[in-house]
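Every number for a ligand or one of its atoms is a count from 1 in the order of the listing.
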Amino acid sequence: MSVPVLIHLLRERLAWHSQPRVPEPDLVMESVAQTTSFSAAGETNGALAFLYLYNALQITSLLQPGDSVLDLACGPAHQLAQIASLNLGVQFIGVDASAAMLACAQQNLARAQVENVALVQGDMTRLVGQTDGSMDCVMCTMSLHHLPDQAALRAALQEIRRVLKPQGRLYLVDFGRLKLRSTQHFFAHDLQQSVQFTEDYFNSLQAAFSVEELTAAVALLGPDVQRHATVLAPLMVVFRTAFRRSVDRQALLRAKVAFASLSAKQQDDFRGLAQWFRLSGYALPCDLEAG
Ligand SMILES: C[S@@+](CC[C@H](N)C(=O)[O-])C[C@H]1O[C@@H](n2cnc3c(N)ncnc32)[C@H](O)[C@@H]1O
């Protein structure tokens, strides 16, 4: 962890007061500028590539062949493409409220030659068309903060509970609300992608729900959900069910190829995130750099 990061984390830790939440100015991402810049960040060497690989490995530990998985607010589907290519025997459905995002997602999935993903336009707080108890797993990455308020957050969690099978699995990851604007500003500028991306990322950090708000909503899903947050300050928070299996050989080989194709900066960011979570006791299910 770099010295500037550590300084910001310690300031967060010591801060008494927390800035209030500022909801996203654009809840559903429809503008061309936003979809283009967000999608670019998910390309092989975009600023979010390391995060998608990290989440894909964690989610893989929840899945088995034959599963049906729902990805809420899938955006440009880079996360979905990554996880679907590691889990070819699993069927995924990506839902997003934005037609523009879904058009972008369709192109990205075709380019990645991913065939086990279907896309549907819909609202994660009202999953019309998804039947009760039909999903083996529900995932949602970096999107809950796009909901307008805690009532909408609870509605999304109620829908997750409704569509999950009994013993269904869960993986939710999002930003936790940082206390200080200066920390939000620091992290927004840390991932260098484009001016538009930095602005959107700063808005996202301001719109993040607090860990307590997320925890209260996720409690609707019962006691089997574990919470993990990056140590010292919750830049990221994961709510998930327990590991189900280790990452199999084929998936591990593909993940190693994906890791090797990342730039040195992205590989460092991957290691940094893994270490930041590991310090709170949350480890990866496999080691991509082991021989
Ligand atoms: C920051 S993006 C994250 C996309 C993706 N999950 C990822 O990790 O790359 C947030 C997405 O949430 C979508 N969104 C916002 N509100 C939504 C809602 N109520 N239902 C479904 N999608 C929504 C936006 O259109 C946008 O595509």
Side-chain angles (χ1 to χ4, degrees), residues 23-44 46-59 69-84 92-109 112 114 117 119-130 137-160 163 171-175 187-188 191 193-194 196-209 217 236-239 273:
E24 284 273 2
D26 302 297
L27 297 173
V28 176
M29 294 170 78
E30 288 283 12
S31 86
V32 175
Q34 279 186 324
T35 47
T36 310
S37 107
F38 192 74
S39 182
E43 300 286 338
T44 306
L48 295 177
F50 78 96
L51 177 61
Y52 291 149
L53 183 56
Y54 182 88
N55 286 331
L57 289 170
Q58 295 287 16
I59 296 167
V69 180
L70 190 63
D71 181 13
L72 299 181
C74 64
H78 286 299
Q79 177 69 82
L80 256 181
Q82 179 76 263
I83 174 115
F92 296 84
I93 301 173
V95 177
D96 202 283
S98 160
M101 240 349 157
L102 289 175
C104 183
Q106 198 68 63
Q107 285 176 7
N108 289 335
L109 291 169
V114 169
V117 177
L119 298 173
V120 181
Q121 189 169 8
D123 181 342
M124 65 174 135
T125 65
R126 219 166 60 86
L127 292 169
V128 176
Q130 305 298 333
C137 180
V138 174
M139 57 183 269
C140 180
T141 59
M142 319 317 294
S143 294
L144 293 174
H145 66 273
H146 273 262
L147 294 169
D149 51 32
Q150 288 181 65
L153 179 63
R154 277 194 301 278
L157 268 297
Q158 273 157 356
E159 282 294 76
I160 292 173
V163 301
Y171 188 91
L172 309 179
V173 57
D174 205 352
F175 308 111
F187 281 115
L191 289 189
Q193 175 70 32
S194 63
Q196 176 77 46
F197 181 82
T198 301
E199 187 184 315
D200 290 343
Y201 187 15
F202 183 58
N203 288 338
S204 297
L205 293 179
Q206 293 193 96
F209 290 103
M236 278 185 202
V237 190
V238 171
F239 292 88
L273 180 66

Discussion item. Using side-chain heavy atoms (C-beta onward) and a distance below 4.5 Å, is Asn108 in contact with Glu43?
Written reply: yes
Worksheet item: Picking from Val32, Val28, Asp26, what satisfies side-chain contact (heavy atoms from CB on, under 4.5 Å) with Glu30?
Response: Val28
Worksheet entry | Gln121 CD to Met101 CE distance, which is reported to the nearest 0.5 Å | 12.5 Å
Fill in: Closest approach of any protein heavy atom to atom 20 (N) of ligand 1, naming residue and atom
Met124 N, 2.9 Å
Worksheet item: Would a 4.5 Å heavy-atom cut-off, applied to side chains only, mark Cys74 and Leu102 as touching?
Response: yes
Worksheet item: In terms of residue, atom name and distance, what is the protein heavy atom nearest to atom 8 (O) of ligand 1?
Response: Thr141 OG1, 2.7 Å
Worksheet item: Can you tell me how far CG of Asp200 sits from OG of Ser194, rounded to the nearest 0.5 angstrom?
Response: 8.0 Å
Worksheet item: Within a strict 4.5 Å, meaning less than it, do heavy atoms of the Gln130 and Glu159 side chains meet?
Response: no
Worksheet, complete the sentence: Which of Leu72, Leu153, Asp96, Val138 passes side-chain contact (heavy atoms from CB on, under 4.5 Å) with Met124? It is Leu72
Worksheet item: Backbone or side chain, does any N or O of Pro76 fall under 3.5 Å from an N or O of ligand 1?
Response: no
Item to complete: Mind listing the closest non-hydrogen atom pair of Ala56 and Gln79 along with its distance?
Response: N-NE2, 3.7 Å
Discussion item. With the threshold set at under 4.0 angstrom, would you say Cys74 reaches ligand 1 through any of its heavy atoms?
Written reply: yes
Item to complete: Using a 4.0 Å heavy-atom cut-off, say whether Met101 meets ligand 1 through its side chain, its backbone, both or neither.
Response: side chain
Practice prompt. Determine whether any heavy atom of Val95 lies closer than 4.0 Å to an atom of ligand 1.
Written response: no
Practice prompt. Measure the distances from the heavy atoms of Ala77 to every atom of ligand 1 and state whether one is below 4.0 angstrom.
Written response: no
Worksheet item: Testing Phe187, Phe209, Tyr201 for ring-ring contact (aromatic ring centres under 6.0 Å, His included) with Phe175, which one passes?
Response: Tyr201
Worksheet entry | Nearest-contact summary for atom 4 (C) of ligand 1 - protein heavy atom, Å | Ala73 O, 3.4 Å
Discussion item. What I'd like to find out is whether the side chain of Asp71 reaches to under 4.5 Å of the side chain of Ile83, using heavy atoms alone.
Written reply: no
Item to complete: Go through ligand 1 atom by atom and flag the ones less than 4.0 Å from a non-hydrogen atom of Ser98.
Response: 25 (O)
Worksheet entry | Nearest-contact summary for atom 22 (N) of ligand 1 - protein heavy atom, Å | Ala97 N, 3.2 Å
Item to complete: Using a strict 4.0 Å cut-off to heavy atoms of Phe38, name the atoms of ligand 1 that fall inside it.
Response: 1 (C), 2 (S), 3 (C), 4 (C), 9 (O)
Fill in: Flag, side chain of Asp174 to backbone of Leu144, donor-acceptor distance under 3.5 Å
yes
Worksheet item: Gly122 heavy atoms, cut-off 4.0 Å: which ligand 1 atoms fall inside?
Response: 20 (N), 21 (C)
Practice prompt. Compute the minimum heavy-atom distance from Met142 to ligand 1 and say whether it is under 4.0 Å.
Written response: yes
Practice prompt. Considering only non-hydrogen protein atoms, determine which one is nearest to atom 10 (C) of ligand 1 and report residue, atom name and distance to 0.1 Å.
Written response: Ser143 OG, 3.4 Å
Item to complete: Give the residue and atom name of whichever protein heavy atom lies nearest to atom 19 (N) of ligand 1, and the separation in Å to one decimal.
Response: Asp123 OD1, 3.0 Å
Discussion item. Is the shortest side-chain heavy-atom distance between Leu273 and Met236 below 4.5 Å?
Written reply: yes
Worksheet item: What residue and atom, counting heavy atoms only, is the protein's closest point to atom 9 (O) of ligand 1, and at what distance?
Response: Tyr52 OH, 2.5 Å
Practice prompt. Report the part of Leu27 (side chain from C-beta onward, or backbone N, CA, C, O) that has a heavy atom under 4.0 Å from ligand 1; answer both or neither where that applies.
Written response: backbone
Discussion item. Taking 4.0 Å as the limit for heavy-atom contacts, which would you say applies to Ser204 with ligand 1: side chain only, backbone only, both, or neither?
Written reply: neither
Discussion item. Minimum distance, heavy atoms only, to atom 27 (O) of ligand 1: which one of Leu144, Asp96, Asp71, Leu48 is it?
Written reply: Asp96
